[in-house]
Amino acid sequence: MSKFTMLIKTQTQPGKRDDVRKLYEAQLMPRARQNADQEVVVFINDMQNENVFYIFEVYSSAEASQANAQAPWFWDYMKAVGPLLDGQPEVMTGTPALAKGIAI
């Protein structure tokens, strides 16, 4: 079974990136830390645009990612974060071909 990666680019309302990060940290990071199938999570601030961030994730499988996306607590987060966003996030998915720091 191949690992599954996601890179999510998100634009926030002006000045709301830190608010989104705090909400992510409070609602999603505790679950990620407890989920062995969600192997890597990185919240990345864009250095050129203060209203953009990226989330990079590595899962043990596509099914593990889908389980997160379908969980009721994820939708609770999406409802809370929605007003802070400027449009829909751009989601890119793939399988890792080369890596340093994680087993693929």
Side-chain angles (χ1 to χ4, degrees):
M1 185 178 331
S2 292
K3 295 198 189 266
F4 180 79
T5 59
M6 296 179 71
L7 179 62
I8 305 160
K9 178 182 180 183
T10 306
Q11 174 93 27
T12 68
Q13 295 289 333
K16 297 297 181 185
R17 182 172 70 186
D18 286 342
D19 294 338
V20 173
R21 185 195 51 78
K22 289 174 187 171
L23 192 60
Y24 190 94
E25 186 175 16
Q27 292 189 14
L28 296 187
M29 279 306 286
R31 293 183 183 280
R33 287 185 177 111
Q34 295 174 359
N35 183 354
D37 288 323
Q38 192 175 10
E39 299 175 11
V40 176
V41 178
V42 183
F43 190 107
I44 305 161
N45 288 331
D46 188 298
M47 292 175 68
Q48 280 73 50
N49 186 331
E50 66 184 19
N51 299 312
V52 172
F53 68 93
Y54 307 89
I55 295 173
F56 175 68
E57 299 178 306
V58 178
Y59 288 89
S60 62
S61 66
E63 294 79 14
S65 171
Q66 289 174 338
N68 265 7
Q70 295 171 353
W73 49 261
F74 177 74
W75 291 104
D76 291 342
Y77 165 79
M78 292 303 293
K79 287 178 196 170
V81 79
L84 303 174
L85 303 182
D86 184 9
Q88 294 292 318
E90 181 180 353
V91 179
M92 294 149 281
T93 61
T95 56
L98 288 172
K100 176 185 175 193
I102 62 166
I104 58 170

Rounded to the nearest 0.5 Å, what separation is found between the [atom1] atom of [X] and the [atom2] atom of [Y]?
X: Ile8; Y: Glu57; atom1: CD1; atom2: CD; result: 4.5 Å
X: Gln34; Y: Met29; atom1: CD; atom2: CE; result: 11.5 Å
X: Gln27; Y: Asp76; atom1: CD; atom2: CG; result: 7.5 Å

Taking all non-hydrogen atoms of both residues into account, name the closest pair between [X] and [Y] and its distance.
X: Pro83; Y: Gln13; value: O-CG, 3.6 Å
X: Ala36; Y: Glu39; value: O-CG, 3.6 Å
X: Ala103; Y: Lys3; value: O-CE, 2.6 Å
X: Asp19; Y: Gly15; value: OD2-O, 4.5 Å

Linking I/L/V/M/F/W/Y whenever their side-chain heavy atoms sit closer than 4.5 Å, directly or via other members, would [X] and [Y] fall into one cluster?
X: Phe74; Y: Phe56; value: no
X: Phe43; Y: Trp73; value: yes
X: Trp75; Y: Tyr24; value: yes
X: Phe53; Y: Leu23; value: yes
X: Ile104; Y: Leu7; value: yes

Can you tell me how the ring of Tyr59 sits relative to the ring of Phe4, calling it parallel under 30°, perpendicular over 60° and tilted otherwise?
tilted

Answer whether the closest heavy-atom distance between the side chains of Met6 and Val91 falls below 4.5 Å.
yes

From the list Asn51, Asp18, Asn49, side chain to side chain contact (heavy atoms under 4.5 Å, CB included) partner of Thr12 resolves to Asn51

Only one of Asp46, Thr10, Asp86 passes side chain to side chain contact (heavy atoms under 4.5 Å, CB included) with Val52, and that residue is Asp46

Hey, is CD on Glu90 packed in by over 12 heavy atoms from elsewhere, all under 6.0 Å?
no

